[in-house]
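Below is one structure; the comments refer to it alone.
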Number of protein chains: 2
Amino acid sequence: MILPEPGSRCRGRCGESALTIWKAASIHQWRISRRKKDGTVSNGLPIDQILHGNCVEIMRSLPEGSVDLIFADPPYNLQLGGDLHRPDNSKVDAVDDAWDQIGDFDDYDLFSCGWLEEARRVLKDDGAIWTIGSYHNIFRVGTFLQDMGFWILNDVIWRKSNPMPNFRGTRFTNAHETLIWAAKHKDSKVTFNYQAMKALNDGVQMRSDWTLPICGGGERLKDSDGRKAHPTQKPESLLHRVILATSDPGQVILDPFFGTGTTGAVAKKLGRHFIGIEADEGYIEVARQRLAAIEPGKADAIAVTQSKRALPRIPFGALVEAGLIKPGDTLYCAQGRRTARVRADGSVSSGAEAGSIHQVGARVQSAPSCNGWTFWHVRRHGNLVPIDVLRTKIRAEMDA
Amino acid sequence: MILPEPGSRCRGRCGESALTIWKAASIHQWRISRRKKDGTVSNGLPIDQILHGNCVEIMRSLPEGSVDLIFADPPYNLQLGGDLHRPDNSKVDAVDDAWDQIGDFDDYDLFSCGWLEEARRVLKDDGAIWTIGSYHNIFRVGTFLQDMGFWILNDVIWRKSNPMPNFRGTRFTNAHETLIWAAKHKDSKVTFNYQAMKALNDGVQMRSDWTLPICGGGERLKDSDGRKAHPTQKPESLLHRVILATSDPGQVILDPFFGTGTTGAVAKKLGRHFIGIEADEGYIEVARQRLAAIEPGKADAIAVTQSKRALPRIPFGALVEAGLIKPGDTLYCAQGRRTARVRADGSVSSGAEAGSIHQVGARVQSAPSCNGWTFWHVRRHGNLVPIDVLRTKIRAEMDA
DNA sequence: GGCGTTTTTGAATCGCTGA
DNA sequence: ATCAGCGATTCAAAAACGC
């Protein structure tokens, strides 16, 4: 592997950049192996499968602009010293697996450039990516995302309700991990189920900090000896929120570091398709068994609160056409002080002003804009009823 | 200014690095102006002063390895679009000040390299740095810290109890900011008052996520027109925790982006020295008046817990942090005959006795135990109010 | 003055569609 | 590509207001 001159004080960003080096040397040395397709293939995509191998290699074999969402939990490149013991002298089972040891920052940068570039190629133009990490790696991943043209939408904090304490008393308890949610481009129209997130959070906007327990109990996969099958298995609750918020049923979610398949498990439960890539055959076997036992989510069970933006557009004139409002009827604001008259073509007039319900509503308030559907009301049985209620009626008839 | 070739898809990390460019071109063009020393000078350091000018220039005039701690709140370089209106059509007063508009990623990287390199030079070998930022800038700052050889100790989340909502329903509420705490070297022996943090957090280890309200109310500095004096004034509670945790009384804390002087204000209250650097004379004037009104912390008031003790049931320290009770304030029993003094970490002292509100309450009564929350009172408007009343207020904020 | 209600505001990368 | 029109969208805390 070609690296910048060693020994320089500033690593990574001195001399040639990791991204430049990556393109020049590493990628072309990889052999793209053909792999056996043993599952469903949709639009050339091997969906609902676990693909075995190096994730960059595998992603290069997938078509450009083909997946809707990527969730990536790359190695954190933890720089551990010696063994860590608890105050009672028991040894902490640290993450010291070979796959987490990428090397110094230069190696880690090359590694990150590699998989991020391929992930970006495979992603649809309106797609998005989630990455998760700790302070060891997330700043580098975030910088690469920005440098590659991804557009960060939020950084999200997974606030662990039950983190491992700092046994030495030398730092603050490392009680969170950081996720980054980014669109492929600045102008990408990404999926965000705002109302579903609001519903999930007791009716108030979902915040950028999520308090969730770490993966344990019956959810934590164990091998035959009772030891945890994977050292960094993520909780399904975390993926549930990610997938519910930023994908729709039927979409394809790619996880290039599949591990024991939490992304696939939650995707299947929520009626999404997944593509998993994993280099370790042992993890793949665990994931296969896990996924086989999961019942796919049914359409009625995975439905979420819809955003009004997704509903069919009804022009105000349709209410007049349907006879729910008659030409000459009076519209009132909520207080009843401001009024407008309905005209036969669905426009309204108030004094000298005339135009759409939105335009006239804005004018009478001297406001820059106005949602006429919620601003204007009609008198029914002595009460003022928002015209939005009549729109709902029209929509219900259309669905019937 | 020399920049990488424009139009390249990958910005910043392609071609010459920002750090290389910085060293080659920008720094040598700066003229180091002599400045008038108008305050105390200790070990060649202009302590407890606000220095006017570009922070890189000023830092170059300070001796190498001379300050104990740096707190830096650099511009976030927000990339705003057009105006943003709330659902009620009121306009959001965005942070669009000229000082926050650094430019594109390349410009911001050069800017960041510049001040970070000088900050590192000025820092003692066993010193540490704190930086704060949002997803717009913090990944780049974190990457540079690592590339320059700083050793990250924690990333800390400031979880805002009352953030501004996302008005368009397009993202998660941006409800947090990220701080990075890093040592100058991997082997630096940094200051960390572990027991004080534990005392401040109800007797359990302080975590990496801190729930604190944004700066408002009487603490928020206003100009003569009643408008906020600075758009991004940080709460003193945040600095209280930073300074109490990672510095000792008498040490020197440098803030290269001093603004209206929150770092200096808390440093003075906690018996630390500060050096503030600020480019805007208007902010300096506000900070000077603010600092002049502050009484320096007395040694007994700013003393913190040095050894283990029994766990208090309630985090009394949160009241100190929030400014509801100040270090040095007096607590009274209901009759006003017995008193205790509040210390900066939420412990209290009475005569030779020191400890939690419960312990000291028990001691002064010669009782086996005591509920400090109902025993102790503070004087407000001439009346004695149980501190439990203040706890209720804190709880409301923390529950958010 | 006191208490209940209304208004204001905070580091923000904040829309979609069709002519 | 640009522009205009539709019409979707806010939480907590403190200050200001009203009775």
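Residue numbers start from 1 in every chain, and the chains themselves are labelled A, B, ... in the order their sequence lines are given, proteins ahead of strands. Note that these values count all heavy atoms, side chains included, but never hydrogens, waters or copies made by symmetry.
- The 5' end of DNA chain C is approached more closely, in terms of each residue's nearest nucleotide, by B/P74 than by the other of B/P74 and B/F167.
- B/K228 comes within 4.0 angstrom of sugar-phosphate atoms only, judged by non-hydrogen atoms across all strands, and of no base.
- Counting any heavy atom pair closer than 4.0 Å across all strands shown, B/T232 reaches a base atom.
- Closest contact between the side chain of A/N371 and the listed nucleotides C/dG10, C/dT13, D/dA8 involves D/dA8.
- Heavy atoms of B/G218 sit under 4.0 angstrom from primed sugar atoms or phosphate atoms, though from no base atom.
- Distance from the side chain of B/V92 is smallest for C/dA12 among the nucleotides C/dG15, C/dA12, D/dA12.
- Base orientation for C/dT13: syn, the chi torsion being within 90° of 0.
- Judged by centroid separation below 5.5 Å and plane tilt below 30°, A/W373 does not stack onto the base of D/dG7.
- The residue B/N166 sits close to a base: some heavy atom pair falls under 4.0 Å.
- The same atom, P, is picked in D/dA8 and in C/dG18; the two are 15 Å apart, to the nearest Å.
- If you check every strand for non-hydrogen atoms under 4.0 Å, B/Q233 touches nothing.
- Residue B/D100 is in base contact, counting any heavy-atom pair closer than 4.0 Å across all strands shown.
- Of the candidates D/dT9, C/dA11, C/dT13, the closest approach to any side-chain atom of B/L78 belongs to C/dA11.
- Distance check on atom C1': D/dT10 versus C/dT8 gives 13 Å, rounded to whole Å.
- Residue-level contact check: B/C215 touches neither bases nor backbone, having no heavy atom under 4.0 Å from any strand.
- The C1' atoms of D/dG7 and C/dC14 are separated by 15 Å, rounded to the nearest whole Å.
- Of the listed nucleotides (D/dT10, D/dG7, C/dT13), C/dT13 has the atom at the smallest distance from the side chain of B/Q79.
- Across all strands shown, B/G82 has heavy atoms under 4.0 Å from base atoms, whether or not it also approaches the sugar-phosphate.
- Within the nucleic acid shown, B/P163 comes within 4.0 Å of at least one base atom, counting heavy atoms only.
- Ion pairing between A/D329 and A/R341 fails under the 4.0 Å rule for side-chain N and carboxylate O.
- In summary, of the residues considered (A/L324, A/I387, A/V389, A/L319), a side-chain contact (heavy atoms from CB on, under 4.5 Å) with A/V378 occurs for A/I387 alone.
- In this structure, A/R391 reaches the sugar-phosphate backbone alone: every heavy-atom distance under 4.0 Å involves primed, P, OP1 or OP2 atoms, never a base.
- Minimum atom distance to the side chain of B/W99 is reached by C/dA11, of the listed D/dC11, C/dA11, C/dT8.
- In this structure, A/D187 reaches neither bases nor backbone, as no heavy-atom distance under 4.0 Å exists between it and the strands shown.
- Judged purely by atom type and a 3.5 angstrom limit, B/D155 has no side-chain atom pairing as donor or acceptor with the backbone of B/I180.
- For D/dA16 and C/dG1, the C1' atoms lie 16 Å apart once the distance is rounded to whole Å.
- Among the protein residues, A/L153 comes within range of no part of the nucleic acid, since none of its heavy atoms lies under 4.0 Å from any strand.
- Remark: ring of B/Y135 not stacked against base of C/dT13; the cut-offs of centroid gap under 5.5 Å and plane tilt under 30° are not jointly satisfied.
- For the pair B/R171 and A/F192, the cation-pi test (distance below 6.0 Å, angle within 45°) is failed.
- The base of C/dA11 is paired with the side chain of B/K234 by a donor and an acceptor separated by under 3.5 Å.
- If you check distances only, the side chain of B/R86 does reach the base of C/dG10 with a donor-acceptor pair under 3.5 Å.
- Residue contacts shown for B/G217 are limited to sugar-phosphate atoms, with no base heavy atom under 4.0 Å away.
- Checked against C/dA12, D/dC11, D/dC6, the side chain of A/S356 finds its nearest nucleotide in D/dC6.
- Between the base of C/dA12 and the side chain of B/D83 there is no donor-acceptor pair shorter than 3.5 Å.
- Contacts of A/Q359 with the nucleic acid, taken as non-hydrogen atoms under 4.0 Å apart, involve only primed sugar atoms and P, OP1 or OP2.
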